[in-house]
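Letters go in sequence order (proteins before strands), and every chain restarts at 1.
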Number of protein chains: 2
Amino acid sequence: MTADPYDVLDEQCPTREVLSRIADKWAMLVILALEEKTLRFSALRTRVRGVTQKMLTQTLRGLEKDGLVARKVTPTVPVTVEYSLTPLGRSLSQAVSVIRRWTYDYMDEIKRARARFQKTKPVA
Amino acid sequence: MTADPYDVLDEQCPTREVLSRIADKWAMLVILALEEKTLRFSALRTRVRGVTQKMLTQTLRGLEKDGLVARKVTPTVPVTVEYSLTPLGRSLSQAVSVIRRWTYDYMDEIKRARARFQKTKPVA
DNA sequence: CTGGATCCGTTGCGATACTG
DNA sequence: CAGTATCGCAACGGATCCAG
């Protein structure tokens with residue numbers, strides 16, 4: 001029954017910036033993509049459809065910095081760079097999968113909610 | 001063993017835009033704040049430290065549109081606006097809480113990972 | 001006075017081009 | 001192949017203004 005030492009709703013709490021990193025569209029998609037298997041940069045770019053090189057690079061650096069993703073460079077010609085989840089990253093992917101699961105399970109209900117909303121507020 | 005009809009990694013999949021809405025820093029914080037109890041706009045603004053009026057309004061409209069948050073206006077003077085999670089929103093808050101739980105549980109490990117990263121790559 | 005809309009300066013993102 | 005550099009645009013933060 002011990003209270004958590006953290007409170008993400010507090011702006012100063014260190015967990016806030018961690019949440020900021022993972023509560024991000026591209027970060028979550030990258031984690032889900034890497035959950036399946038280790039991927040090279042180009043493969044990751046293909047798997048996470050719609051992500052730009054810039055955002056993919058930026059997202060990967062952030063995840064790497066927090067120890068969620070491991071970057072492995074093989075000095076072939078041309079160079080091969082492989083990205084994979086660290087054990088810490090895999091523990092997070094469990095939680096992210098719960099979000100995905102929810103999205104899949106309630107997609108239809110969200111569609112209905114949207115239709116209902118449209119009816120109630122017919123365009124602003 | 002039936003495969004999911006959805007794939008969030010597919011840019012065209014409708015679940016992608018749902019994830020985009022909830023895989024958002026402010027959206028998650030608002031959901032966590034409302035998980036505790038119904039809150040008025042100003043109280044919500046205080047509880048979710050650091051959010052601007054503009055982003056809070058915008059976030060709430062988005063969540064309301066997808067049926068996750070209910071908006072109740074009481075025409076007092078001055079007007080009272082209460083926000084609460086819908087049943088759908090509460091089902092999502094379960095999943096979001098898992099993310100928060102993970103953040104709290106692994107905060108220390110992330111700190112260590114960051115320190116390790118700093119050592120490996122001493123400033124870009 | 002609360003909730004929110006609007007305007008503007010700054011930051012961040014997307015698209016393209018270029019390099020080791 | 002895996003990035004970095006540049007630039008135009010959209011999104012955000014902050015301040016101000018407005019309706020009830």
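Backbone-only contact: B:Val81 has heavy atoms under 4.0 Å from sugar-phosphate atoms and none from a base.
Dashed line: the shortest gap from a side-chain N or O of A:Arg61 to OP1 or OP2 of D:dG3 is under 4.0 Å. Note on B:Ser42: a side-chain N or O is less than 4.0 Å away from OP1 or OP2 of C:dG3. An OP1 or OP2 oxygen of D:dG14 is reached within less than 4.0 angstrom by no side-chain nitrogen or oxygen of B:Thr52. Taking 4.0 angstrom as the limit, A:Arg71 places a side-chain polar atom (N or O) nearer than this to OP1 or OP2 of D:dG3. Between A:Trp26 and C:dG12 there is no side-chain N or O to OP1 or OP2 distance below 4.0 Å. A sub-4.0 Å separation between OP1 or OP2 of D:dA2 and a side-chain N or O of A:Arg40 is present. OP1 or OP2 of D:dA2 has not a single side-chain nitrogen or oxygen of A:Arg45 nearer than 4.0 Å. Within the 4.0 Å cut-off from OP1 or OP2 of C:dT2, not a single side-chain nitrogen or oxygen of B:Tyr83 is found.
We find that B:Arg100 and B:Glu35 are joined by a salt bridge, their nearest charged nitrogen and carboxylate oxygen being less than 4.0 Å apart. For B:Arg114 and A:Glu17, the salt-bridge test passes: some basic side-chain N is under 4.0 Å from an acidic carboxylate O. Ionic pairing of B:Arg21 and B:Asp66 is present here: one or more N-O contacts between side-chain nitrogen and carboxylate oxygen are shorter than 4.0 angstrom.
Nearest-nucleotide mapping onto DNA chain C: of A:Gln53 and A:Asp24, the residue sitting toward the 5' end is A:Asp24.
Taking hydrophobic clusters as Ile, Leu, Val, Met, Phe, Trp and Tyr residues chained together by side-chain heavy-atom distances below 4.5 Å, B:Val73 does not share a cluster with B:Val77. A:Tyr104 and B:Leu9 fall within a single hydrophobic cluster, where Ile, Leu, Val, Met, Phe, Trp and Tyr are joined by side-chain heavy atoms under 4.5 Å apart, directly or via other members.
For B:Gln58, whose side chain is taken as the heavy atoms from C-beta onward, the closest listed nucleotide among D:dG3, C:dA5, D:dC12 is D:dC12. The side chain of B:Lys54 approaches D:dG13 more closely than any other nucleotide in the set C:dG4, D:dG13, C:dG14. Checking D:dG13, D:dT4, C:dG20 against the side-chain heavy atoms of A:Val79 singles out C:dG20 as nearest.
The distance between atom CD of B:Glu64 and atom C1' of C:dG3, rounded to the nearest whole Å, is 13 Å. In this structure, NZ of A:Lys25 is placed 17 Å from P of C:dG12, rounded to the nearest angstrom. The distance from atom CG of B:Leu39 to atom P of C:dG3 is 11 Å, rounded to the nearest whole Å. Residue A:Met55 contributes atom CE, which lies 16 Å from atom C1' of D:dA5 at whole-angstrom precision. If you take CG of A:Leu56 and P of C:dC13, they are 13 Å apart, rounded to a whole angstrom.
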